[in-house]
Number of protein chains: 2
Amino acid sequence: MTETRQKLLDAAERLMSQNGYAATSLRQIIADAGVNLASVHYHFGSKEELLDELVMRRAGPVNEERMAMLDRAEAEGGARGASLERILEAFLAPAFYVRATHPQFVKLMGRLYGEGMMGLIVRKHFSPLVVRFQAALRRALPDLDEQELGWRIHFMIGVMVRAMFGPPDGLYADDPSTEALIERMVTFVSAGFRARVGQRERVEVD
Amino acid sequence: MTETRQKLLDAAERLMSQNGYAATSLRQIIADAGVNLASVHYHFGSKEELLDELVMRRAGPVNEERMAMLDRAEAEGGARGASLERILEAFLAPAFYVRATHPQFVKLMGRLYGEGMMGLIVRKHFSPLVVRFQAALRRALPDLDEQELGWRIHFMIGVMVRAMFGPPDGLYADDPSTEALIERMVTFVSAGFRARVGQRERVEVD
DNA sequence: GTCTATACTGAGATAGAC
DNA sequence: GTCTATCTCAGTATAGAC
């Protein structure tokens with residue numbers, strides 16, 4: 001990979017994580033990277049393909065880690081299969097672990113999901129991942145019907161995207177450590193996945 | 001309100017619900033509405049202010065309905081306050097009831113949240129709503145600490161936004177009725193709100 | 001008060017010289 | 001591989017007709 005490519009990807013990641021994809025112009029990016037405007041189209045072809053490479057250079061390793069964690073969870077679970085919590089953790093945690101080395105990337109992913117820019121990338125690169133996790137969840141929740149499972153996965157993505165955006169707007173919540181945030185998501189989402197259909201929990205809290 | 005204003009708002013709602021805010025140009029909107037380009041700036045001042053009016057002409061009534069449902073839930077709850085499920089339903093249901101008369105508006109709201117365009121509008125117009133619902137949840141979940149509650153509200157918004165976007169991408173989920181969708185959200189989210197902190201549910205599903 | 005015509009700046013994309 | 005110049009289309013602004 002040439003130096004120019006690197007500079008463009010780094011500048012785009014930095015700027016887009018702050019302002020989103022649409023609001024970040026190629027002219028901002030090339031100014032920040034110190035290269036010529038036409039080099040974007042020489043190296044990537046378009047703004048959208050630049051984004052594709054930008055996402056995949058980090059999402060690739062994230063998805064490999066997700067698969068590896070799911071492997072371990074299933075190995076430990078033996079014949080029962082992996083537990084719900086371990087499956088959810090395998091999916092959610094690696095996406096936030098990258099905060100340690102590339103904090104802006106996580107925020108960028110949240111923005112991209114929100115802007116609808118992830119749909120294409122997911123269809124293009126994430127298919128094996130989606131299939132495997134759906135199958136694992138299917139097995140962990142055998143009583144949940146297919147439609148309901150699909151919607152709950154959809155809801156989980158919503159929770160993840162929101163968490164990637166950062167802490168809530170108001171003054172009422174902190175910015176927790178990565179581990180605490182993952183714990184919060186898994187606790188919330190696993191309870192949601194386990195909820196009985198058509199029979200809301202009516203127990204009063206203590 | 002003049003006819004031109006109406007036409008612009010209607011055209012913008014239709015087009016933006018399909019392609020999002022940023023990807024919809026004023027020139028598309030004025031072509032669809034059959035009016036002159038400059039009329040946008042005469043009537044609204046800018047694309048962003050057009051959006052503000054567009055959102056509030058429907059979100060205004062939605063928020064009033066939310067307040068009214070919360071009033072009823074608290075009246076029924078008496079001294080105990082409203083139940084968690086009723087609070088969540090009061091927040092979520094009215095946002096989806098508008099599908100009956102204005103189906104595109106719900107999708108538009110999902111897109112706008114995703115694009116980060118709702119932040120400003122929420123701060124400008126939704127403050128009383130946020131305060132009231134946060135207080136109601138606080139009361140329904142007295143054992144939950146403030147930070148945790150803030151994050152769980154954040155997560156709920158994520159679920160709502162995802163549901164507004166429409167059914168999940170894959171072939172694995174249907175497009176349910178509004179009532180069924182609300183039921184699904186309330187079931188999932190209420191279980192998440194009730195989950196015990198730092199003590200994940202370990203019960204196997206039957 | 002309302003609308004039309006037109007111009008200004010900045011976006012993404014592209015062709016061709018070097 | 002890189003750069004200059006240029007194309008089309010975006011949001012915005014204003015002058016002036018009715």
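All chains are named by letter (A, B, ...) in the order of the sequence lines, taking the proteins before the strands, and each is independently numbered beginning at 1. Nothing here was measured: the structure is a model prediction, and the numbers come from that model.
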Trainee: Could you give the distance from CZ (B:Arg14) to NE2 (B:His102), rounded to the nearest 0.5 Å?
Mentor: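 The distance works out to 13.0 Å.
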Trainee: C:dT14, OP1 or OP2 - any side-chain N/O from A:His41 closer than 4.0 Å?
Mentor: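 For C:dT14, OP1/OP2 do not have a side-chain N/O of A:His41 under 4.0 Å.
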Trainee: Send over the distance from B:Met117 CE to D:dG11 C1', rounded to a whole Å.
Mentor: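 Atom-to-atom, B:Met117 to D:dG11, this comes out as 13 Å.
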Trainee: So for the helix from C:dG1-D:dC18 to C:dC18-D:dG1, with five pairs setting each end axis, what is the inter-axis angle to 10°?
Mentor: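 Between the axes fitted at each end of the helix from C:dG1-D:dC18 to C:dC18-D:dG1 lies an angle of 10°.
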Trainee: Would you check if the side chain of B:Gln28 reaches a backbone N or O of B:Leu15 as a donor-acceptor pair within less than 3.5 Å?
Mentor: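 Here the side-chain-to-backbone pair does not exist.
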Trainee: To the nearest 0.5 Å, how far apart are CE in A:Met160 and CE in A:Met185?
Mentor: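 The distance works out to 8.5 Å.
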Trainee: For D:dT2, does either OP1 or OP2 sit under 4.0 Å from a side-chain N or O belonging to A:Thr4?
Mentor: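 Yes, within the criterion.
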Trainee: CG of B:Leu37 versus P of C:dT6: gap in Å, rounded?
Mentor: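 Atom-to-atom, B:Leu37 to C:dT6, this comes out as 13 Å.
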Trainee: Check whether any side-chain N or O of B:Ser25 sits under 4.0 Å from OP1 or OP2 of D:dA10, and answer yes or no.
Mentor: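 It does, given that an N or O in the side chain of B:Ser25 lies less than 4.0 Å from OP1 or OP2 of D:dA10.
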Trainee: Output the rounded distance in Å from CG (B:Leu15) to P (D:dA10).
Mentor: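 Taking atom P of D:dA10 as the reference, CG of B:Leu15 is at 12 Å.
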Trainee: Quick check for you: to the nearest 0.5 Å, what is the distance between B:Asn19 atom CG and B:Leu108 atom CG?
Mentor: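 Spacing of CG (B:Asn19) from CG (B:Leu108) equals 11.0 Å.
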Trainee: Would you confirm whether A:His43, through its side chain, and A:Leu50, through its main-chain N or O, come within 3.5 Å as a donor-acceptor pair?
Mentor: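 Between the backbone of A:Leu50 and the side chain of A:His43 there is no qualifying donor-acceptor contact (under 3.5 Å).
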Trainee: Whole angstroms only, please: what is the CZ-P distance between A:Arg27 and C:dG12?
Mentor: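 That distance rounds to 6 Å.
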Trainee: Give the nucleotide from the list C:dA13, C:dT14, C:dT2 with an atom nearest to the side chain of B:Thr2.
Mentor: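 Within the option list, the nearest is C:dT2.
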Trainee: State the CD-OG distance between A:Glu183 and A:Ser177, to the nearest 0.5 angstrom.
Mentor: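 One gets 10.0 Å once the value is rounded to the nearest 0.5 Å.
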Trainee: In residues 126-133 of chain A, what donor-acceptor pairs under 3.5 Å come from side-chain atoms, sequence neighbours left out?
Mentor:
| unit_1 | atom_1 | unit_2 | atom_2 | d |
| --- | --- | --- | --- | --- |
| A:Ser127 | OG | A:Arg123 | O | 3.2 |
| A:Arg132 | NH1 | A:Asp71 | OD1 | 2.8 |
| A:Arg132 | NH2 | A:Asp71 | OD1 | 3.3 |
| A:Arg132 | NH2 | A:Glu74 | OE1 | 2.8 |

Trainee: Figure out the CD/C1' separation between B:Gln6 and C:dC3, and round it to whole Å.
Mentor: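 Going from B:Gln6 (CD) to C:dC3 (C1'), I get 18 Å.
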Trainee: Specify the separation, in whole Å, of atom CG of B:Asn36 and atom P of D:dT12.
Mentor: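 After rounding, the reported distance stands at 15 Å.
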Trainee: Can you tell me how far C1' of D:dC9 sits from CD1 of B:Ile30, to the nearest Å?
Mentor: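 Value for this atom pair: 13 Å.
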Trainee: Out of D:dT12, C:dA13, D:dT14, which nucleotide sits closest to the side chain of A:Leu26?
Mentor: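 Nearest to the side-chain atoms of A:Leu26, counting from C-beta on, is C:dA13.
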Trainee: Taking the side chain from B:Arg138 and the backbone from B:Leu144, do they hold a donor-acceptor pair closer than 3.5 Å?
Mentor: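 Yes, because the side chain of B:Arg138 sits within donor-acceptor range (under 3.5 Å) of the backbone of B:Leu144.
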Trainee: Could you check which residues of residues 42-52 of chain A get a heavy atom under 4.0 Å from DNA chain C? Sort them by number, please.
Mentor: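 Contacts with DNA chain C under 4.0 Å: A:Ser46, A:Lys47.
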Trainee: Within this structure, what is the CE-CG distance for the pair B:Met16 and B:Leu112, rounded to the nearest 0.5 Å?
Mentor: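 With rounding to 0.5 Å, CE (B:Met16) is 8.0 Å from CG (B:Leu112).
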Trainee: Could you tell me the separation between the CD atom of B:Gln28 and the P atom of D:dT8, rounded to a whole number of Å?
Mentor: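 It works out to 19 Å between those atoms.
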